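Not measured: the values here are computed from a predicted model.
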Amino acid sequence: MIIFKENVLDVDTYLALRKSVKWKRLSREQAQKALDNSLYTVCAYDFDRPIGMGRLVGDGAVICYVQDLVIHPDAQYMGIGGQILNMLIAYTEGLRLEGTEMMLDLMCAKGREQFYERFGFIARPTEQLGPGMIQYLKGEKQ
């Protein structure tokens, strides 16, 4: 039986789920700070075993980002990612001020665009929107 829990994601679960999909390794301190600064998290459990999680970051008024959506490989293609994403979208909609427009953004892994398009996300670039961009900050702080 799959259950979803909000705002209980702990650093061990976060790091283990990231590792299960071979995402970049984070230090415990970095992972804890990321969780502490999240707007909202959802964790999916198969009984007591964590099998997926989603994390939302942002300012809660103009823009939010689906920062992490991870489903353990053993639990992929069972609809869990879609359920978590729907919860993240609903939470963001609940933050939106009456009469305003809010952006909900994400960066997805190559080849996963169709999954997100089913939930109303638009792949960039488009005629009006340029490509997304990224910069990795690493090494010694200056």
Side-chain angles (χ1 to χ4, degrees), residues 1-139 141:
M1 181 173 141
I2 308 301
I3 60 168
F4 298 89
K5 296 182 182 179
E6 300 170 298
N7 297 319
V8 298
L9 183 59
D10 63 83
V11 71
D12 291 325
T13 301
Y14 181 56
L15 291 172
L17 285 168
R18 287 179 60 93
K19 184 177 181 181
S20 78
V21 293
K22 299 176 176 53
W23 278 11
K24 188 177 289 192
R25 187 179 179 281
L26 303 176
S27 71
R28 287 187 67 78
E29 180 183 18
Q30 188 179 24
Q32 186 62 62
K33 188 169 185 178
L35 292 176
D36 291 345
N37 289 309
S38 299
L39 288 176
Y40 177 67
T41 64
V42 177
C43 198
Y45 295 86
D46 185 5
F47 293 95
D48 62 348
R49 179 180 164 242
I51 57 170
M53 64 95 176
R55 186 168 74 92
L56 192 68
V57 300
D59 61 26
V62 176
I63 191 165
C64 287
Y65 294 89
V66 176
Q67 184 55 45
D68 298 306
L69 181 58
V70 176
I71 307 302
H72 192 282
D74 295 344
Q76 291 179 2
Y77 305 102
M78 295 170 49
I80 297 164
Q83 290 178 72
I84 291 173
L85 187 55
N86 277 329
M87 292 176 77
L88 297 174
I89 292 168
Y91 182 86
T92 305
E93 181 62 34
L95 296 175
R96 189 174 59 83
L97 299 171
E98 187 68 35
T100 66
E101 181 178 74
M102 194 169 168
M103 290 183 290
L104 178 58
D105 295 346
L106 60 84
M107 291 191 299
C108 70
K110 194 162 186 67
R112 301 286 189 190
E113 296 87 354
Q114 285 185 326
F115 170 79
Y116 292 101
E117 287 169 348
R118 292 194 327 247
F119 295 87
F121 288 89
I122 302 165
R124 294 177 71 164
T126 67
E127 190 70 30
Q128 296 82 25
L129 302 170
M133 300 179 77
I134 190 169
Q135 179 185 102
Y136 289 102
L137 304 174
K138 59 185 175 182
K141 289 175 82 172

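Interatomic distance, L88 CG to E6 CD, rounded to the nearest 0.5 Å: 9.5 Å. Note that CG of L69 is 11.0 Å distant from CG of L56, once rounded to the nearest 0.5 Å. Rounded to the nearest 0.5 angstrom, L104 CG and I89 CD1 are separated by 6.0 Å.
F4 has its side chain within reach of I80: a pair of non-hydrogen atoms, C-beta onward, lies under 4.5 Å apart. By the 4.5 Å heavy-atom criterion applied to side chains, L95 and Y40 are not counted as neighbours. A 4.5 Å side-chain heavy-atom check between L39 and V57 finds every atom pair outside the cut-off. Between Q67 and S38 the shortest side-chain heavy-atom distance does not fall below 4.5 Å.
Minimum interatomic distance between A31 and V11 (heavy atoms only, all atoms of both residues): CB-CG2, 3.5 Å. What you find for G60 and M102 is that their closest heavy atoms are C-CE, 3.5 Å. Of all heavy-atom pairs spanning P125 and P131, the tightest one is CB-N, 3.7 Å. Here the shortest heavy-atom pairing between R124 and G130 reads NE-O, 2.7 Å. I71 approaches G52 most closely through the heavy-atom pair CD1-CA, 3.9 Å. Among all heavy-atom pairs drawn from V66 and L106, the shortest one is O-CB, 3.7 Å.
Residues satisfying the salt bridge (Lys or Arg N to Asp or Glu O under 4.0 Å) test with R28, not counting sequence neighbours, are D12. With sequence neighbours excluded, the residues forming a side chain to side chain contact (heavy atoms under 4.5 Å, CB included) with I134 are M107, Y136, listed by chain and number. Residues that satisfy the ring-ring contact (aromatic ring centres under 6.0 Å, His included) test with F119, not counting sequence neighbours, are F115. Legend: residues meeting side-chain hydrogen bond (donor to acceptor under 3.5 Å, both in side chains) with Q76, ordered by chain and number and at least two apart, are absent. Applying the side-chain hydrogen bond (donor to acceptor under 3.5 Å, both in side chains) rule to D74 yields the partners R49; only residues at least two apart in sequence or on another chain are considered. For D10, the side-chain hydrogen bond (donor to acceptor under 3.5 Å, both in side chains) partners at least two apart in sequence or on another chain are T13. The side-chain hydrogen bond (donor to acceptor under 3.5 Å, both in side chains) check on D46 picks up nothing, with sequence neighbours excluded.
Remark: side-chain polar atoms of R55 are paired, donor with acceptor, to backbone N or O of A34 under 3.5 angstrom. Between the side chain of D68 and the backbone N or O of G54, no donor-acceptor pair lies under 3.5 Å.
More than 12 heavy atoms of other residues, nucleotides or ligands sit less than 6.0 Å from atom CD1 of I2.
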Give the table of side-chain donor-acceptor pairs shorter than 3.5 Å for residues 17-26, with sequence neighbours excluded, one pair per line with atom names and distance.
residue, atom, partner, partner atom, Å
R18, NH2, K24, O, 2.8
S20, OG, L17, O, 2.7

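For residues 41-73, the set of pairs meeting the ring pair (Phe, Tyr, Trp, His ring centres under 6.0 Å) definition, not counting sequence neighbours, is empty. Each side chain to side chain donor-acceptor pair (under 3.5 Å) pair with one or both residues in residues 101-114, not counting sequence neighbours, appears once here: Y77-R112. Applying the side chain to side chain donor-acceptor pair (under 3.5 Å) test to pairs two or more places apart or on separate chains, those with a residue in residues 80-95 are E93-R96. Residues in residues 32-45 take part in no salt bridge (charged side-chain N to carboxylate O under 4.0 Å, His left out) pair, two or more places apart or across chains.
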